[in-house]
2 protein chains.
Amino acid sequence: MEIKKELGLTSAPHKLRTNYRNFPMVQKVVFGKGSFDQLGEILLPVRKNADAPVVFLVDDVFEGTGLIPRIPLIFNDQIIFISAEEEPKTDQVDALVRKIKSDFSEVPSGIVGIGGGTLLDLAKAVSIMLTNKGSSAQLQGWDLVEKPAIYHLGVPTLSGTGAEVSRTTVLMGPERKLGINSDYTTFDQVVLDPDLLVGVPKVQWFYTGMDCFIHCVESLNGTYLNAFSQSYGEKALELCKEVFLGDLNEETAREKLMMASWHGGMSIAYSQVGVAHAMSYGLSYVLGVKHGIGNCLVFAHLEEFYPEGVTLFREMLAKNDINLPQKVCSKLTEAEFDTMISISLSMEPLWENALGKNWLEKIDREKLRSIYEKI
Amino acid sequence: MEIKKELGLTSAPHKLRTNYRNFPMVQKVVFGKGSFDQLGEILLPVRKNADAPVVFLVDDVFEGTGLIPRIPLIFNDQIIFISAEEEPKTDQVDALVRKIKSDFSEVPSGIVGIGGGTLLDLAKAVSIMLTNKGSSAQLQGWDLVEKPAIYHLGVPTLSGTGAEVSRTTVLMGPERKLGINSDYTTFDQVVLDPDLLVGVPKVQWFYTGMDCFIHCVESLNGTYLNAFSQSYGEKALELCKEVFLGDLNEETAREKLMMASWHGGMSIAYSQVGVAHAMSYGLSYVLGVKHGIGNCLVFAHLEEFYPEGVTLFREMLAKNDINLPQKVCSKLTEAEFDTMISISLSMEPLWENALGKNWLEKIDREKLRSIYEKI
């Protein structure tokens, strides 16, 4: 149904031709403890010449750590440290592209993103904007990218967002938060080294993992799902349960969460999120709450929509000693509640996925208000 | 350990650098009932000019059926019908390449394989040999292909082999049955249309599905496994259980078996098969038994190695009313038994994966003889 919408088609799916999304996959992937050290070998055939550098965009939490000397710098390669404190922005992408263009006489051989969803999304966007004109804000949307990106490689150091495998890069633009969703966005190469998750703070580990878990609950309970995405979503959900409710040793937990994120990201191909994402967008807009925690704050109060998922989520909170912030919405004004509710209700495909075509009969402003008040 | 072997390395894995396989994935995939009709649209940007055709290699069971008019022929495109009665051969690949080169003035724009594992493997091999010199037999082995293949697209019409997603094409050569295993082997595009499984004979549906099931049991119980392949293998196994032991409607069963094969194929990346494959190679060599049924014949008697898997397999046989051929080895001569056992024991990595480094202490010729005699 989502795809029908995009094509502006209204007839029944089985009568349509050319109506399924042709999904690009990451071209190459390596998985293994310590595989980060293969980066040099992997990049060698990518290098065009000594003047065309590889630019590494690295989460600044790694500045001064033992990871940095392991980055295989040669020629005029450059490391740019970037804070992931705030979500990635179109301005930031454009500034990075200007800097790279002014620093080097040639287009880089490749962009490598090392970090969580923010760094991975920045690497994708920068690699696109090095070959396409204008501002990245102009390419936010569906299939607006004209030219292939330069080679880009992702190295996740946090797991749960699925950014390492998805065909989008979600950016905060001047007008809206929206993905540059295109076949050229997907990484050419991903390096999955579970050892890079060593040292992730417990709270961040949890909220990023819940990004995957909540996504899966929403998509598996949605009406847009097909068997392709279902199989990936089910596996990701299963792995999340093992990680957050099982008694795995830390090494196994890292490996499994990394794979949960990977499969969860793949499940996006033919699925859509639901009530938690619709409501957390409102929360983020008004309160600036970050994506991972915003989803959790909302999801905890969605037992009516996702009874099994919310039960599991509460068990995960308890088992992992996570205390969700309380009374987050207690001081909001009427106007702020109104904005939050309007933003949430504007996410039509998410509501339709969650509640069906007649979703407007099943939800109203009062209902959303009552849920937001609990948060 | 497998990878260590390939590199000739002997130190412990955690001390190694650059030791994990960098695995190529299918570049694009579309999934959905009726997605076959998107083939024309998908091939359009692939076409180089009116003289560079798309060549369709099609299982000859489809000759004269309704599928053929749906193949999007334009310009000088060609359909070549091929029997899948016998396993694909290097001679056959070389003959197809000669024919295509003599029929057309230009290198084709692409090769499309439509069929089961045999047709998919032929399409992969032909696309490689159109750009590489010599006979396909010379490229059997690991990473011997020098030049990228031409564009190749796979459309599975049987599910279970994983050929649609793997980086190999297994061919019977003049000296040995072996894969052309290379980064260039993997398909550029796969079209997964579950409706193409409509009408697969029940016995073929079962044996091809068991190719996936047995592969998963062997790899999940092997010593070579890592978390990447484990997650894919577990999901494939789960889907096989649903398909062959559940009470799904036919449409759902087709979708789930198609995804089981896909995930099973992906799980090959970092895993290895085991006792069933080692012994079925011997069986195939001496008796010419086909791969799918050969694995089943052996696997039924491997309860000692795979107790849970064999129990499930027997339930699947019963539930699906499949009667395995009996007394297959009853008339073999001593010399034939000897050959069969020797071929099987020569599959060292398979035995090591199944039984560990000291596998030679756990198995001997008498043991294999006693198992073969039961078949």
Side-chain angles (χ1 to χ4, degrees), chain A residues 3 13-42 70 165 183 186 188-195 226-232 234-236 238-239 242 251-252 254-260 262-263 266 269-270, chain B residues 3 13-42 70 165 183 186 188-195 226-232 234-236 238-239 242 251-252 254-260 262-263 266 269-270:
Chain A
I3 296 160
H14 67 277
K15 291 185 185 163
L16 290 177
R17 293 177 175 237
T18 67
N19 59 334
Y20 300 101
R21 188 174 297 163
N22 193 10
F23 191 77
M25 307 222 289
V26 168
Q27 277 196 264
K28 291 186 92 172
V29 57
V30 58
F31 178 96
K33 279 165 59 69
S35 57
F36 185 76
D37 292 327
Q38 290 175 235
L39 209 47
E41 189 194 17
I42 289 169
R70 292 168 64 198
V165 75
D183 284 355
T186 311
D188 296 289
Q189 168 87 50
V190 169
V191 175
L192 297 174
D193 182 348
D195 277 357
N226 72 5
F228 184 94
S229 284
Q230 183 186 1
S231 68
Y232 281 103
E234 285 172 348
K235 189 64 212 177
E238 199 53 50
L239 289 164
E242 288 186 57
E251 183 179 324
T252 305
R254 289 192 291 267
E255 292 176 348
K256 289 195 185 255
L257 190 58
M258 192 158 254
M259 289 314 299
W262 178 260
H263 292 306
M266 278 301 299
Y270 300 100
Chain B
I3 297 158
H14 67 277
K15 290 185 185 164
L16 290 179
R17 291 175 176 239
T18 66
N19 60 334
Y20 300 101
R21 187 173 301 165
N22 192 10
F23 190 77
M25 305 221 289
V26 168
Q27 276 196 268
K28 291 186 93 173
V29 58
V30 60
F31 177 96
K33 278 166 61 67
S35 58
F36 185 75
D37 292 326
Q38 291 176 233
L39 209 48
E41 189 194 18
I42 289 168
R70 293 168 65 197
V165 74
D183 284 356
T186 311
D188 296 289
Q189 168 85 50
V190 169
V191 174
L192 297 174
D193 182 348
D195 277 356
N226 73 4
F228 184 94
S229 284
Q230 185 185 359
S231 68
Y232 280 104
E234 286 171 348
K235 189 64 212 176
E238 199 53 50
L239 289 164
E242 288 186 57
E251 182 179 326
T252 305
R254 288 192 292 266
E255 292 176 347
K256 288 196 185 256
L257 190 59
M258 194 158 251
M259 290 313 300
W262 179 260
H263 292 306
M266 278 301 299
Y270 301 101

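Chain letters run A, B, ... following the sequence lines, proteins first and then strands; every chain starts at 1.
- Taking the side chain as every heavy atom from C-beta outward, B/Lys28 and A/Phe23 never approach each other to under 4.5 Å.
- In terms of heavy-atom pairs under 4.5 Å with chain B, the best-connected choice from A/Val30, A/Asn22, A/Leu39 is A/Asn22.
- Note: B/Tyr232 and A/Tyr232 have perpendicular aromatic rings, judged against thresholds of 30 and 60 degrees for the angle between ring planes.
- Aromatic ring orientation, A/His263 versus B/His263: perpendicular (interplanar angle above 60°, classes split at 30° and 60°).
- Between A/Met259 and B/Ser231, the closest heavy-atom pair is CE-OG, 3.4 Å.
- Ranked by heavy-atom pairs under 4.5 Å with chain B, the list A/Asp195, A/Asp183, A/Val191, A/Leu192 is led by A/Asp183.
- A/Glu234 places none of its side-chain heavy atoms less than 4.5 Å from the side chain of B/Glu238.
- Side chain of A/Gln27 to backbone of B/Met25: no donor-acceptor contact under 3.5 angstrom is found.
- Contact tally against chain A (heavy-atom pairs below 4.5 Å) for B/Phe36, B/Trp262, B/Phe228: the top residue is B/Phe228.
- Looking at B/Gln38, its side chain does come within 3.5 Å of a backbone N or O of A/Tyr20 through a donor-acceptor pair.
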